[in-house]
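So the structure is just underneath, and the comments pick up after that.
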Number of protein chains: 2
Amino acid sequence: MTNNNIISFEHVKIACKSCTLNSLCLPMGLDQGDVEKLDAIVRRGRPAHRGDHLFREGEGFRSLYVVKTGSVKTYIPSEDGGEQVLGFHLPGELIGLDAIDEERHHCSAKVLETSAICEVPFKRLEELSLTLPSLQHQMYRLLSKEISHETDMLALLGSRNAEERLASFLVSISDRLLRRGFSATDFYLSMSRNEIGSYLGLAVETVSRLFTRFHDEGRLKVERKHVELIDLDGLRTIVENSDHFVNKRKRAT
Amino acid sequence: MTNNNIISFEHVKIACKSCTLNSLCLPMGLDQGDVEKLDAIVRRGRPAHRGDHLFREGEGFRSLYVVKTGSVKTYIPSEDGGEQVLGFHLPGELIGLDAIDEERHHCSAKVLETSAICEVPFKRLEELSLTLPSLQHQMYRLLSKEISHETDMLALLGSRNAEERLASFLVSISDRLLRRGFSATDFYLSMSRNEIGSYLGLAVETVSRLFTRFHDEGRLKVERKHVELIDLDGLRTIVENSDHFVNKRKRAT
DNA sequence: CAATTTCGTTGACACAGATCAACATCGCAA
DNA sequence: TTGCGATGTTGATCTGTGTCAACGAAATTG
């Protein structure tokens, strides 16, 4: 307890076993002793800052990363500086799973705000998961969950209009923040309108107009990054009632 | 060798170790003895027919499925008979990976043409993968590959126009058929225009018009399900040269 | 085999959302 | 403090693709 910086820095380096995220993250389902074995291979670095990269497209794959605090985006850059945003990652979420197959990163990961990140060397995680059945199981679950989540996004991009996309985005952020112990209705978005638009397959202007529309309809209050959801149920209704998939049939086949 | 039906039926029941797909499928990287252990848990059923379901949305998860011959689509049904197609699955591809996490299927899987399907009970596969490091590794790789593939689809749906989407679809089918030893330029599509449209986030009419346009431009010959790619390189160019991601920046940040 | 349904194609038209443009505001640097 | 690029908002306009409609051909049914 020499000074505040050191105290807060130590706080960031908290071990898995006392991390509040351990029910969302890799340690889920592991008993005390096993968590310690996992702890032994996890690297906890200095806080990362806005704009830092965890990895870039094309780099060799060595580690998975877990957001402990803050947020990260993954995206595919194009030569001319454009980019396609693939996802936003909140505390407890694993990043880099798509690189296991070819041992090469297919996208870049950039920190959106000051964040604490855990690095998990994959080779060692893989070895450990051979000896810890519940860790292997959790790995399968986390990989599967990622597939599920992307599947949901495919359905979103394949068959929903702009309003439904933004509503779905807000509800998703809200749900994920709530699970992590934050407010479900009052939060700061760490990503720009541009990034939201890219993620949702919409132009920036459309995103901006929709925020304004939702505001005018009394569904939320928004002032730049700060969002306060007033009618979360209404937003959920927009998401759920949108059953107008493109290809309807007279009868099920 | 009593009659032809029995011969061909036995042919379908070929073991993993002599299956031509084993370099794409679960056995990849396993040595002879390990493949036999895997063989012991794989179930090979009667041929499945067009319209058969491997599983339906909401059902409990027990097994993964692998296409041995033929093709399968996965999709999310909606009450009114509409559907969002999530993917088309060719020989060697695993189906059902999204269900591991919650032990429940989030989508339905329907056979598109007479197909041979291997069923792999997941519990037993998981147990086996604890004792066979290369099988565990292959599982991680296959799950990761699925994530990569869906990531590519997200980028496609998020930032490409109709022409690029159909070109990308045709190139993808072509590549995958080639890897499996089929012609890369001459094939039958087992899915309808409707299903292609749903998969690509386009209306049926748009898909139809694009086939006609590609035909008129001399890129391919098409007659209903039968497609002959004449200018595969041209189609690849359409896919690769489309760097007009929605959100461009003056400089990278 | 005719009857019926499904599927694919084509044309006319409409509209959601992209694009272009102008401007306000923010945040950072000097 | 001023300047300036990045970001966000709003309005006007354009356009790619969806929607609606009609029709022929193929597949399915009885």
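Chain letters run A, B, ... following the sequence lines, proteins first and then strands; every chain starts at 1.
Rounded to whole Å, the distance from NE2 on His226(A) to C1' on dG8(D) is 17 Å. Between the CG atom of Leu112(B) and the P atom of dC7(C) there is a distance of 12 Å, rounded to whole Å. Taking atom CG on Leu166(A) and atom C1' on dG17(C), their separation rounds to 14 Å, with Å as the unit. The nearest whole Å value for the distance from the CD atom in Glu223(B) to the P atom in dG24(D) is 18 Å. Between the C1' atom of dA16(C) and the CG atom of Leu200(A) lies a distance of 16 Å, rounded to the nearest Å. Distance CZ (Arg160(B)) to P (dT17(D)): 14 Å, rounded to an integer number of Å. Taking atom CZ of Arg224(A) as the reference point, atom C1' of dG27(C) lies 9 Å away to the nearest angstrom. Here the C1' atom of nucleotide dT9(D) and the CD1 atom of Ile196(A) are 14 Å apart, to the nearest Å.
Counting only heavy atoms from C-beta on, Ala203(A) has its side chain closest to dA18(C) among dA18(C), dT10(D), dG8(C). Here the side chain of Glu205(B) is nearest to one of dG8(C), dA21(D), dT9(D), namely dA21(D). For Leu202(B), counting side-chain heavy atoms from C-beta on, the closest listed nucleotide (dG17(C), dG18(D), dT10(D)) is dG18(D).
An OP1 or OP2 oxygen of dG8(D) is reached within less than 4.0 angstrom by a side-chain nitrogen or oxygen of Lys225(A). The phosphate of dG16(D) has neither OP1 nor OP2 within less than 4.0 Å of any side-chain N or O from Thr206(B).
Between the base of dT19(C) and the side chain of Arg209(A) there is a donor-acceptor pair shorter than 3.5 Å.
Side-chain contact, His89(A) with Thr74(A): a donor N or O sits under 3.5 Å from an acceptor N or O.
Test Leu232(B), Ile238(B), Leu229(B), Leu166(B) against Val171(B) for side-chain contact (heavy atoms from CB on, under 4.5 Å) and you get one pass: Leu232(B).
By the 4.0 Å N-to-carboxylate-O rule, Lys73(B) lies close enough to Glu83(B) to be salt-bridged with it. Between Glu93(A) and Lys145(A), no side-chain nitrogen of the basic residue sits less than 4.0 Å from a carboxylate oxygen of the acidic one, so the salt-bridge criterion is not met.
Between Thr212(B) and Arg50(B), it is Arg50(B) whose nearest contact on DNA chain C lies nearer the 5' terminus.
The shortest distance between side-chain heavy atoms of Phe55(A) and Arg62(A) does not fall below 4.5 Å.
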